[in-house]
Amino acid sequence: MINSIIEAISIALNAEFGDDYTTYTEEQEQGLKEPCFFISTLEPTHNLFRDRRNFRRQQFCIQFFPANLDRAKAECNDTAERLCSCLETITVDGDLMRADKMEHKIVDNVLNFFANYDCFMVKKYDCEPMETLEIKGDVNDGG
């Protein structure tokens, strides 16, 4: 599920910003082509809710590295506005997911944009259901 959400975020970024912006999903030690995005997940949680349902809290961080360091903060602020609109809803495996708790901050001329994509997941049972059931009952008349 996490990889599907990362892929959906990447597709949304490409649709909004085009091919001039590179999107990375794995660590890059050298050779970042700026302007670029880096997508990562932050401490996802899985909580049993009821029966087969699990609630998954999935926070993602989209980092933006601007190309123009002279106008880095202005470029980061503009990008944050665009990210709010393009990441509000994404398509994951054919279904729409809505972002929650979107926020951003700029640290060392790098935009850190956070968005939660929380959802319920339902586990499928691996056993086959019972096909037939017979019940016999009698009424006891007190004797």
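One is the number of the first residue; the rest follow in order along the sequence. Keep in mind that what you see is a predicted model, and the values were worked out from it rather than measured.
Partners of V139 under the side-chain contact (heavy atoms from CB on, under 4.5 Å) rule, at least two apart in sequence or in another chain, do not exist in this structure. For I2, the side-chain contact (heavy atoms from CB on, under 4.5 Å) partners at least two apart in sequence or on another chain are I6, T41, P44, Q58, F60. Evaluation of the ring-ring contact (aromatic ring centres under 6.0 Å, His included) rule for F64 yields F37 as partners, not counting sequence neighbours. Partners of E16 under the side-chain contact (heavy atoms from CB on, under 4.5 Å) rule, at least two apart in sequence or in another chain, are R82, C86.
Taking 4.5 Å as the limit, every side-chain heavy atom of R53 sits out of range of all side-chain heavy atoms of M121. Two residues are said to be in side-chain contact when any heavy atoms from C-beta on lie closer than 4.5 Å; Y117 and R56 fail this criterion.
Connection of I62 to Y21 is established within a shared hydrophobic cluster, with ILVMFWY side chains joined at heavy-atom distances below 4.5 Å, either directly or through further cluster members. If you chain together hydrophobic residues whose side chains sit under 4.5 Å apart, Y24 and L83 never meet in one group. Under the 4.5 Å side-chain contact rule for hydrophobic residues, I39 and I106 share a cluster. A continuous path of ILVMFWY side-chain contacts below 4.5 Å connects L111 to M102, so both sit in one hydrophobic cluster.
Residues N109 and P66 share a closest heavy-atom pair of O-CD, 3.2 Å. Contact record, S4 with V92: CB-CG1, 3.8 Å, taken as the closest heavy-atom pair. For the residue pair T91 and A8, the shortest heavy atom distance occurs at O-CB, 3.2 Å.
Checked by atom type and distance alone, the side chain of R52 never pairs as donor or acceptor with a backbone atom of V122 at under 3.5 Å.
A side chain to side chain contact (heavy atoms under 4.5 Å, CB included) with M97 is found for exactly one of T89, L87, I90, namely I90. The residue from D20, T22, L13 that alone fulfils the side chain to side chain contact (heavy atoms under 4.5 Å, CB included) condition with C36 is T22.
A distance of 9.5 Å separates OG of S40 from CD1 of I9, quoted to the nearest 0.5 Å. Atom SG of C61 sits about 10.0 Å away from atom CD of E103, to the nearest 0.5 Å. One finds the SG atom of C119 at 10.0 Å from the CG atom of N54 (value rounded to the nearest 0.5 Å). In this structure, CD in E7 is found 8.0 Å from OG1 in T25, a value given to the nearest 0.5 Å.
Other cluster members for L69: none, since no ILVMFWY side-chain heavy atom sits under 4.5 Å from it.
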side-chain contact (heavy atoms from CB on, under 4.5 Å) between K101 and R57, intermediate numbers included:
CA-CA 11 Å; K101 301 177 187 168; R57 185 174 309 278; 3.4 Å; yes

Derivation of the side-chain contact (heavy atoms from CB on, under 4.5 Å) call for F113 and T79:
CA-CA 10 Å; F113 186 89; T79 302; over 6 Å; no

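Listed by first then second residue, pairs satisfying side-chain hydrogen bond (donor to acceptor under 3.5 Å, both in side chains) with a partner in residues 61-77 read Q63-N112, not counting sequence neighbours.
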